[in-house]
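Here the structure comes first, spelled out in structure tokens, and everything after it is commentary.
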Amino acid sequence: MASRAEPVDTGGRRDWRDVARDAADLALLGILLTLAAAPLLTAAAAAGTASAAVHDWTRTGSWPSARTTVRRFGCSVLPGVPVSLLALAAAVLLAADLVALATGRVPGGTAALLVTALIAAGLAGYAGLVVVEVGGNGGGRWRASARSAARACLDAPTRWAALTGVVALAVLLAVLVTPVAVPILAGYTVAALHAVAARRSRPADPTGRRSAPAAVVGRRELT
């Protein structure tokens, strides 16, 4: 993995090349995440590893090495299999329920469809926060991350709602964009989840000013 230092602007501003580099890194992350999750049973390990990479990037300004990423993925494959199965089963059941309600195959009408959609959206937002928590734990410890995310959702419902909005927007974009762009969207979604979670959980400055993130001196290319 090659490293590339960025020149620090005296005004603390970043030019279009920095933004383009970040966009390319996140797009590559999404492609790698999709490829690693393709067997389905490795979906949890892939999501956790990608989340850990984004966590490192947002905290230190550099991506983890390829060796670290591969090690994290390898260590989380087996522990992540039950998580992958649970997430897949929940998604299939909720999707089948929504389709049945929308087509009138089961009673309930619009009210039941709306309630089910809200429950599905809330669970998706919770799952997004779990992924963020797993990233902070190095890509593993799903059970502890799930408990931590549950407490965080109850303590800060607005953050839960914001994360739900991120996931809902990602799903909408995945439906609207061409299928080849969906893997790229995955990387941006993980980064957006981390950004929203960090913003909502950042302690307030006692002087009333918003705290600024730490300055990024250099970043590594994701390979």
Side-chain angles (χ1 to χ4, degrees), residues 26 29 33 37 43-61 64 72 75-76 79-80 82-91 93-95 97-98 111-174 185-216:
L26 290 174
L29 176 71
L33 166 59
T49 304
S51 181
V54 172
H55 178 271
D56 292 348
W57 177 64
T58 56
R59 296 304 189 276
T60 66
R72 285 172 172 172
C75 292
S76 58
V83 180
S84 300
L85 291 174
L86 179 62
L88 181 61
L93 289 176
L94 285 172
D97 195 12
L98 288 171
L113 178 62
L114 179 60
V115 171
T116 305
L118 289 176
I119 292 174
L123 289 175
Y126 166 70
L129 185 54
V130 172
V131 171
V132 173
E133 293 285 343
V134 168
N137 291 328
R141 300 179 59 190
W142 284 94
R143 184 175 300 178
S145 298
R147 291 196 298 265
S148 178
R151 289 193 299 266
C153 288
L154 295 177
D155 293 339
T158 55
R159 177 170 57 174
W160 187 8
L163 291 167
T164 300
V166 170
V167 177
L169 179 60
V171 172
L172 177 61
L173 291 176
L185 181 62
Y188 294 139
T189 301
V190 176
L193 290 171
H194 275 266
V196 171
R199 183 180 181 85
R200 289 287 175 176
S201 61
R202 186 179 300 155
D205 192 314
T207 63
R209 296 174 298 181
R210 181 177 298 174
S211 58
V216 176

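Worth saying up front: this structure is predicted, and the values here are computed from it rather than measured. Atom set for the values below is all heavy atoms of this structure, side chains included, hydrogens, waters and symmetry mates excluded.
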From CG (Leu185) to CG (Leu26), nearest 0.5 Å | 11.5 Å

What's the spacing between Leu94 CG and Leu98 CG if we round to 0.5 Å?
-> 6.5 Å

Of all the heavy-atom pairs spanning Leu129 and Ala149, show the shortest one and how long it is.
-> CD2-O, 3.6 Å

For Ser84, side-chain hydrogen bond (donor to acceptor under 3.5 Å, both in side chains) partners two or more places apart = none

Under the 3.5 angstrom rule, does the side chain of Trp160 hit a backbone N or O of Gly122 as a donor-acceptor pair?
-> yes

Within the side chain of Tyr188, is there an N or O that forms a donor-acceptor pair under 3.5 Å with the backbone of Ala170?
-> no

Minimum heavy-atom distance Val130-Ser145, with the two atoms named = O-CB, 4.1 Å

Atom CZ in Arg141, atom CZ in Arg147: separation rounded to 0.5 Å?
-> 8.5 Å

Do you know which two heavy atoms are closest between Arg159 and Ala197, and how far apart they sit?
-> NH1-O, 3.7 Å

Taking the side chain as C-beta and beyond, is there a heavy-atom pair between Leu193 and Val167 under 4.5 Å?
-> yes

For Thr189 and Val166, work out which heavy atoms get closest and say how close.
-> O-CG1, 4.4 Å

Gap separating the CG atom of Asn137 from the CH2 atom of Trp142, nearest 0.5 angstrom | 10.5 Å

Who passes side-chain hydrogen bond (donor to acceptor under 3.5 Å, both in side chains) against Asp56, sequence neighbours left out?
-> Arg72

Thr164 OG1 to Leu169 CG distance, which is reported to the nearest 0.5 Å = 12.5 Å

Taking all non-hydrogen atoms of both residues, which atom of Ser51 and which atom of His194 are closest, and how far apart?
-> OG-NE2, 2.8 Å

Please list, chain by chain and in numerical order, all residues satisfying side chain to side chain contact (heavy atoms under 4.5 Å, CB included) with Leu85, sequence neighbours excluded.
-> Leu41, Val81

Smallest heavy-atom separation, Ala43 atom then Ala37 atom, equals CA-CB, 3.7 Å

Kindly say whether Trp57 contributes a backbone atom to a donor-acceptor pair with the side chain of Thr60 at under 3.5 angstrom?
-> no

